[in-house]
Amino acid sequence: MTDLLWLRQDLRLHDQPALIAAAHAGAVIPVYVLDDEAPGAWKIGEAQRWWLHHSLTSLADALEKKGSRLILRHGKAEAILPALLEETGAERVHAIRHYEPWWRDAEAALGDRLCRYDGNHLARIEDVTTGAGAPYRIYSSFWKGLQPHLPSDKPLPAPRSIPAPETWPRSDRLADWHLLPTAPDWSGGFDWTPGETEALRKVKQLALDGYDERRNLPSEEGTSRLSPHLHFGEVSPRTVWHATEGADTIFRKELAWRDFTDGVVSALPDYADVNGRRRYDTLPWRSGTAAQADLRAWQRGRTGYPIVDAGMRQLWQSGWMHNRVRMITASFLVKHLLIDWREGERWFWDCLVDADYGNNSVNWQWVAGTGVDANMFGRIMAPIGQSEKFGAGDYIRRWVPELKHLDDSAIHDPDAAGCRPDSYPAMLIGHREARERALAAGKKVR
DNA sequence: CAGCACTTCTC
DNA sequence: AGAAGTGCT
């Protein structure tokens, strides 16, 4: 008997329950379907296509070492997979559950031909609910509710070998998918090694001493940088959970955020497009030429606020941004520039190697104050204050070369220090003025 | 239902 | 120290 193993955001061989079950049943045909139709506007973004190319290469190598292969197909997964079942005479599809709305639809469409397994979350999403049976909207309550469902089983080892079918179906050539950027190749600054081997190496070398403080300092390497590996499932959250036994709980709380945000988007599938609090539909976001120019300045890292520009340039050049700076840049777009959060969400989606439907939408709506979890619109971050508070001097000097020569006394606010070089843009808007404009706009919401 | 507590702050 | 809306128990 032969079964299909449908791989999506679980590109690994260890702790891979769908693989173990398929191999137990008989021969396995591992398949990855590049589905750019079902997700609509949320198809895989540009930076992640680069990641995907390398991660699939790494996965195909690992499968071949186990006597198997990776079959590549493109098209709508819910059509491709039944056709592949037919073609190969396979009986069932084995896959790990995913909670993006398009994956839930595809899973439903496959009906009883699909065997689903838990594996990409700490707990099964539908198991963690409030006393009333609804999904949590407040993280701290979610964390409490998660406790009885935390993983206790040890992660599954990778199988020694994977039973192969007598004949293999044809596969697309990865190169034909053109996942890598060509003209221009903007990925030159990407300092990443996609794939399971590197993901597991990072987990092994996790140093969480002082994580609580250090994770907030953009100038230091205080975060785990596991997010893209977790998004693509190159390592399972359960593996990370077990590796951090006895470590700082703050880190484990960060890990549980993936579960929380998937709970939100599983209850509210269009959360990436629709305000969680519908009354914010009346908020008068700026639009028109001036707003377009401001959006472009933000995207390119030319707002005149050093910490914002450093973050946006790090994002563009490296495919990633430090978490503290994500908050500052996002708040700046929404409150200081009064531009719809969905513009920022879209830009992050295309630029981040760790872009994730749940995390991206929930966190943008949190910052914007439009979300179901409670941050108030009137709460406006002070970018320069944040830059000083979290010691971002070295970080700015690294990403904004025009300001390289400035010391800590001047770098957070070169204008105030009277030493802004001509090559560096003036502030798009002053902090006080922007703050008042945002508060006035916020008052227009019923 | 009332009271408690809230990831990411500001002055 | 203040400000502040609301999800959750």
Side-chain angles (χ1 to χ4, degrees), chain A residues 122 128-148 208 210-218 220 222-224 227 248-264 267-268 271 275-280 283 305 307-308 311 321-336 341 344 348 358-392 395 412-413 416 430-436 438-439 442-446:
Chain A
L122 292 170
V128 188
T129 54
T130 67
Y136 285 100
R137 291 162 176 234
I138 297 288
Y139 181 73
S140 52
S141 308
F142 170 85
W143 174 251
K144 272 193 214 117
L146 175 66
Q147 297 309 302
L208 296 177
Y211 176 78
D212 191 8
E213 308 274 312
R214 295 216 318 133
R215 76 196 168 108
N216 272 319
L217 309 176
E220 294 192 30
T223 67
S224 72
S227 53
D248 198 327
T249 36
I250 302 285
F251 178 81
R252 286 178 144 198
K253 276 189 172 171
E254 297 293 331
L255 188 63
W257 268 85
R258 296 177 61 260
D259 282 51
F260 173 65
T261 60
D262 275 339
V264 173
L268 304 166
Y271 203 65
N275 289 317
R277 302 177 193 180
R278 293 307 299 268
R279 67 175 187 276
Y280 277 89
L283 194 127
Y305 282 75
I307 185 62
V308 174
M321 196 196 304
H322 188 279
N323 182 55
R324 167 60 48 184
V325 190
R326 292 189 197 197
M327 288 188 252
I328 299 169
T329 54
S331 174
F332 187 85
L333 180 77
V334 172
K335 309 284 170 67
H336 285 69
W341 59 271
F348 274 28
N359 282 331
N360 201 40
S361 58
V362 169
N363 284 311
W364 271 98
Q365 293 230 43
W366 188 90
V367 168
T370 58
V372 292
D373 55 344
N375 180 35
M376 286 150 287
F377 185 85
R379 196 153 163 182
I380 294 162
M381 279 181 134
I384 293 166
Q386 290 273 311
S387 184
E388 288 165 349
K389 180 175 173 188
F390 295 104
Y395 178 79
H412 306 289
D413 190 355
H431 176 61
R432 179 160 301 233
E433 188 192 342
R435 190 183 148 76
E436 277 160 19
L439 289 172
K443 289 218 173 73
K444 296 200 175 141
V445 173
R446 290 177 273 117

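Chain naming here is simple, since letters A, B, ... match the order of the sequence lines and numbering starts at 1 in each. All heavy atoms count here, side chains included; hydrogens, waters and symmetry mates do not.
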Atom-pair distance (CZ on A:Phe260; P on B:dT8), nearest Å: 13 Å

A:Gln386 side-chain proximity, nearest of B:dT10, C:dG5, B:dT8: B:dT10

Sequence-distant partners of A:Asp259, side-chain hydrogen bond (donor to acceptor under 3.5 Å, both in side chains), two or more places apart: none

N/O donor-acceptor pair under 3.5 Å between A:Ser331 side chain and A:Met327 backbone: no

What is the separation between atom CZ on A:Arg379 and atom P on C:dA3, rounded to the nearest whole Å? 14 Å

Apply side chain to side chain contact (heavy atoms under 4.5 Å, CB included) to A:Asn216 and list each qualifying residue two or more places apart in sequence or on a separate chain. A:Arg324, A:Phe390

Taking only the side-chain heavy atoms of A:Arg435 (C-beta and beyond), determine which of B:dC11, B:dT8, C:dC8 contains the nearest atom. B:dC11

For A:Asn363, which contact category applies under a 4.0 Å heavy-atom criterion: base, sugar-phosphate, or nothing? base

Taking any heavy-atom pair under 4.0 Å as a contact, classify A:Ile250: base, sugar-phosphate, or nothing. nothing

Protein-nucleotide distance (A:Gln365, atom CD; B:dT8, atom C1'), rounded to Å: 17 Å

A:Arg435: which residues meet the side-chain hydrogen bond (donor to acceptor under 3.5 Å, both in side chains) condition with it, sequence neighbours left out? none

Would you say the side-chain atoms of A:Tyr136 pair up with the backbone N or O of A:Gly263, donor to acceptor, closer than 3.5 Å? no

Taking the minimum atom-to-atom distance to the side chain of A:Arg324, which one of B:dT8, B:dC11, C:dT9 wins? B:dT8

A:Ser140, nearest nucleotide to its side chain (from C:dT9, C:dA4, B:dC6): B:dC6

Under 4.0 Å, heavy atoms only, any strand: does A:Met327 hit a base, just the sugar-phosphate, or nothing? base

Are any of A:Tyr139's side-chain N or O atoms less than 4.0 Å away from OP1 or OP2 of B:dA5? no

Apply side chain to side chain contact (heavy atoms under 4.5 Å, CB included) to A:Ser387 and list each qualifying residue two or more places apart in sequence or on a separate chain. A:Ile307, A:Ala392, A:Ile396, A:His412

Quick one: which of B:dC9, C:dT6, B:dT8 gets closest to the side chain of A:Arg279? C:dT6

DNA chain B: stems of at least 3 consecutive Watson-Crick or G-U pairs whose donor-acceptor distances fall under 3.5 Å: B:2-6 with C:5-9

Separation of A:Arg137 atom CZ from C:dG5 atom C1', in whole Å? 14 Å

Could you check how far CZ of A:Phe390 sits from C1' of B:dC9, rounded to whole Å? 9 Å

Rounded to whole Å, please give me the gap between CD1 in A:Ile307 and P in B:dT8. 19 Å

Which residues pass the side-chain hydrogen bond (donor to acceptor under 3.5 Å, both in side chains) test with A:Arg252, not counting sequence neighbours? A:Thr244

Rounded to whole Å, the CZ-P distance (A:Phe377 to C:dG5) equals 15 Å

d(CD1, A:Ile328; C1', B:dC9) in whole Å: 12 Å

